[in-house]
Amino acid sequence: MPWRETRDPYAILVSEVMLQQTTVAAVRGYYDRFLAQFPTIADLANAKEDEVLSAWAGLGYYRRARNLQAAACAVMQRHAGVFPADFEEILMLPGVGRYTAGAVASSAFGQSRPIVEANSARVLARLFAVKESLKGGAGLKALWQYSAELLPDRNARDHNYALMELGSLVCTPKNPACTECPVLTYCEAHRLDLVAQIPRVEPKPEKIARAFAGAIVRHAENVLIRRIPAGEWHAGLYEFPKVEIEPWASESKGQDDLKNHISQVAGPVSKLERLSDIRFTVTVHSVTLRVFDMKVSRRRSPAPGYFWLPVSEIEKLPLGSPQKKVLNLLKSPPEWFEVEP
DNA sequence: TACTCGTGGCA
DNA sequence: TTGCCAAGAGT
């Protein structure tokens, strides 16, 4: 992993933020590119937000990207551009919590600071037979306690990496390789035959079905786009216009709602093609996006928040994963249906 | 404390 | 197809 080959606290911070709730495989494709585009903390601090979001597009949890840039700005302002080595100062940076601060302090600066994240949490919970939920409260508090107690006075970097590696490769969520575990003889969960019950899994909230109808709206060589405002999903990114419809709405109802919306926002719809459905999830929502291809006959200046953009420039915008899929639909040539005025 | 915020791979 | 899961933090 490239982020283990450096001691640059900035590069390590970038990797740690990218890895929050994200798999190593997903981060691999972003880390090198991000650092090539923003090699130093000053480069990131001085970049435009859209550039940062574009570099992040597809990784998810986009607040991380904005917080990371805010952290870079904080280092420039509060620490004159020099990454702070003090744990408390690292912890004060935007988007940096207890785990990330500990990871940067131990792996960049070699300080003895404990970490608790998904892998080490599972290892510690089994090692000490923590039966409570690990999501918060007494269970989580115990994990931090154990992590601190196990921490050596030196080589904390290697120790913390090893803890994570053990959880990642041996002490896995399902079917852990206990026979290959180097600390099997210390494992309370194994001794009590509770490995399968620890860590405790909480019931997940039920998924909520939601549906949208969205359109690629064309006029000449331009396409209608909007920047997603704060408070909505994928805030800060860009998207094709859409309306929310009832998940059980009929095909024609959703189409009419969307057509009305487009005609208000951009101009009268003259031609239309039904493309396909894109399904994705946002936290507890499972979403269906019905995609249409539309043409407007007259082009008004669009409603606030919307703008026309040449088709060729869409890929430069920061797009979330669903919108990238919509963009893929655009590549097949349309088969238009005339629309009644 | 509980909820929000994305995505892709895999069983 | 569906659910689970991942190097969490902010509110």
Side-chain angles (χ1 to χ4, degrees), chain A residues 1-4 11-31 53 56-68 70-71 90-108 113-123 132-141 143-144 147 157 160-169 171-175 199 201-209 228 230-237 239 277-288 318-325:
Chain A
M1 302 174 193
W3 45 88
R4 288 190 182 170
I12 289 172
L13 177 65
V14 169
S15 76
E16 290 300 342
V17 173
M18 283 186 172
L19 285 161
Q20 287 169 6
Q21 298 289 286
T22 306
T23 57
V24 168
V27 170
R28 278 217 165 86
Y30 284 83
Y31 174 78
L53 286 172
W56 205 272
L59 254 190
Y61 287 142
Y62 297 96
R63 188 171 54 179
R64 293 183 297 177
R66 285 190 289 272
N67 277 337
L68 185 58
I90 300 172
L91 189 57
M92 301 246 308
L93 297 174
V96 176
R98 199 172 174 184
Y99 162 74
T100 303
V104 171
S106 65
S107 47
R113 292 285 177 178
I115 57 162
V116 172
E117 42 67 65
N119 294 305
S120 48
R122 193 170 51 251
V123 171
E132 299 92 341
S133 165
L134 307 184
K135 298 298 180 185
L140 189 60
K141 189 178 177 185
L143 294 185
W144 280 100
S147 186
R157 170 188 163 102
N160 284 340
Y161 280 157
L163 209 54
M164 290 190 282
E165 207 70 4
L166 187 60
S168 168
L169 299 177
C171 195
T172 50
K174 291 172 187 170
N175 305 318
V201 290
E202 305 293 315
K204 295 274 165 92
E206 201 169 327
K207 287 222 172 121
I208 302 163
I228 304 171
E232 297 185 28
W233 292 338
H234 301 90
L237 305 186
E239 70 172 3
D277 287 351
I278 291 170
R279 295 162 64 82
F280 57 99
T281 62
V282 181
T283 62
V284 298
H285 302 269
S286 77
V287 182
T288 304
L319 299 178
S321 177
Q323 298 300 314
K324 285 183 176 176
K325 290 173 188 167

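All chains are named by letter (A, B, ...) in the order of the sequence lines, taking the proteins before the strands, and each is independently numbered beginning at 1.
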J.: Starting at the 5' end of DNA chain B and moving along, which residue's nearest nucleotide shows up first, A/Thr283 or A/Lys325?
T.: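 Its nearest nucleotide being more 5', the pick is A/Thr283.
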J.: How many whole angstroms separate atom CZ of A/Arg98 from atom C1' of C/dG8?
T.: 13 Å
J.: Could you report the tightest heavy-atom contact between A/Ile278 and A/Pro322, atom names first, then the distance?
T.: CD1-O, 4.1 Å
J.: Looking only at side-chain atoms of A/Glu117, point me to the closest of C/dG8, B/dT4, B/dT7.
T.: C/dG8
J.: Decide yes or no for A/Leu134 and A/Leu143: does some side-chain heavy atom of the first lie under 4.5 Å from some side-chain heavy atom of the second?
T.: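 Of all side-chain heavy-atom pairs linking A/Leu143 with A/Leu134, at least one is under 4.5 Å.
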J.: Using the closest heavy atom to pick a nucleotide of DNA chain C for each, name whichever of A/Leu93 or A/Glu16 lands nearer the 5' end.
T.: A/Glu16
J.: Taking B/dG8 as the reference, what is the distance to C/dA9 when you measure between their P atoms (whole Å, please)?
T.: 23 Å
J.: Enumerate donor-acceptor pairs with a distance under 3.5 Å from any side-chain N or O in residues 16-26 of chain A to protein atoms, sequence neighbours excluded.
T.:
residue	atom	partner	partner atom	Å
A/Glu16	OE1	A/Tyr99	OH	2.7
A/Gln20	NE2	A/Thr100	OG1	3.1
A/Thr22	OG1	A/Met18	O	3.3
A/Thr22	OG1	A/Gln20	O	2.8
A/Thr22	OG1	A/Arg64	NH1	3.0
A/Thr23	OG1	A/Ala26	N	3.4

J.: Whole-Å distance between B/dG8 P and A/Gln20 CD?
T.: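 Checked: the CD to P distance equals 18 Å.
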J.: Out of C/dT2, C/dC5, C/dG8, which has the shortest distance to the side chain of A/Arg279?
T.: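 Nearest nucleotide to the side chain: C/dT2.
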J.: Can you find an N or O donor on one side and an acceptor on the other, under 3.5 Å apart, linking the side chain of A/Thr281 with the base of B/dG6?
T.: no
J.: So what does A/Pro94 touch, heavy atoms closer than 4.0 Å: a base, only the sugar-phosphate, or nothing?
T.: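 Here A/Pro94 touches the backbone only, sparing every base.
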J.: What's the closest nucleotide to the side chain of A/Val282 if the choices are B/dG6, C/dC5, C/dG10?
T.: B/dG6
J.: Just checking, is any N or O donor in the side chain of A/Glu117 or A/Ser120 under 3.5 Å from an acceptor N or O on the other one?
T.: yes
J.: Just so I know, are the side chains of A/Trp233 and A/Ile228 near enough to count as touching, which here means a heavy-atom distance under 4.5 Å?
T.: no
J.: Is the shortest side-chain heavy-atom distance between A/Phe280 and A/Ser321 below 4.5 Å?
T.: no
J.: Across the strands shown, which category fits A/Phe280 at heavy-atom distances under 4.0 angstrom: base, sugar-phosphate, nothing?
T.: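 Contact class for A/Phe280: none.
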J.: Spell out, as yes or no, whether a donor-acceptor pair under 3.5 Å connects the side chain of A/Arg113 to the backbone of A/Ala101.
T.: no
J.: Is there a side-chain polar atom (N or O) of A/Trp233 under 4.0 Å from OP1 or OP2 of B/dG6?
T.: no
J.: Can you tell me if A/Tyr62 touches the phosphate of B/dT7, counting only side-chain N or O atoms and a distance under 4.0 Å to OP1 or OP2?
T.: yes
J.: If you only use heavy atoms from C-beta on, which nucleotide in B/dG8, B/dT7, B/dT4 is closest to the side chain of A/Arg63?
T.: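 Out of B/dG8, B/dT7, B/dT4, the nucleotide with an atom closest to A/Arg63's side chain is B/dT4.
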J.: Over how many whole Å does the gap from A/Met18 atom CE to B/dG8 atom C1' extend?
T.: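 Spelled out: CE on A/Met18 to C1' on B/dG8 is 16 Å.
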J.: Below the 4.0 Å mark, does C/dA6 have OP1 or OP2 next to a side-chain nitrogen or oxygen of A/Arg122?
T.: yes
J.: Return whichever of A/Leu91 or A/Ser15 has its heavy-atom-nearest nucleotide of DNA chain C closer to the 5' end.
T.: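 On the 5' side of the pair lies A/Ser15.
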J.: Do the ring planes of A/Tyr62 and A/His234 sit parallel (below 30°), tilted (30 to 60°) or perpendicular (above 60°)?
T.: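 Ring orientation, 0 to 90° scale: tilted.
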J.: Mind running a 4.0 Å heavy-atom check of residues 99-108 of chain A against DNA chain B and sending the residues that fall below it, in number order?
T.: none
J.: Remember a base hit wins even if backbone is also touched, and classify A/Ala26 as base, sugar-phosphate or nothing at under 4.0 Å, heavy atoms.
T.: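 Counting heavy atoms under 4.0 Å across all strands, no contact is made by A/Ala26.
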J.: Take A/Ala138 and A/Arg64, find for each the nucleotide of DNA chain B with the closest heavy atom, and name the residue whose nucleotide sits nearer the 5' end.
T.: A/Ala138
J.: Quickly work out the A/Trp56 CH2 to B/dC5 C1' distance and round it to whole Å.
T.: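 Taking CH2 of A/Trp56 and C1' of B/dC5, I get 13 Å after rounding.
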J.: Give A/Gly136 one of three labels, base, sugar-phosphate or nothing, depending on what nucleic acid heavy atoms sit under 4.0 Å from its own.
T.: nothing
J.: So what does A/Leu59 touch, heavy atoms closer than 4.0 Å: a base, only the sugar-phosphate, or nothing?
T.: base
J.: Using a heavy-atom cut-off of 4.0 Å across all strands, would you classify A/Val17 as base, sugar-phosphate, or nothing?
T.: nothing
J.: Measure NZ/A/Lys174 against P/B/dG9 and give the value in whole Å, please.
T.: 17 Å
J.: Using whole Å, report how far CG of A/Leu140 lies from P of C/dA9.
T.: 10 Å
J.: Between C1' on C/dT1 and CG on A/Asp277, what's the gap in Å once rounded to a whole number?
T.: 15 Å
J.: Counting heavy atoms from C-beta on, name the nucleotide in C/dG8, B/dT7, C/dC5 closest to the side chain of A/Val201.
T.: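 The answer is C/dC5, which lies nearest to the side chain.
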J.: Distance check needed: B/dT4 P versus A/His234 NE2, whole Å only.
T.: 16 Å
J.: Tell me whether the side-chain N/O atoms of A/Gln21 come closer than 4.0 Å to OP1 or OP2 in C/dG8.
T.: yes
J.: When you check the phosphate oxygens OP1 and OP2 of B/dT4, does a side-chain N or O of A/His285 lie under 4.0 Å from one of them?
T.: no
J.: Please check this pair: side chain of A/Ser106 against backbone of A/Gly102, looking for a donor-acceptor N/O pair closer than 3.5 Å.
T.: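 Yes, because the side chain of A/Ser106 sits within donor-acceptor range (under 3.5 Å) of the backbone of A/Gly102.
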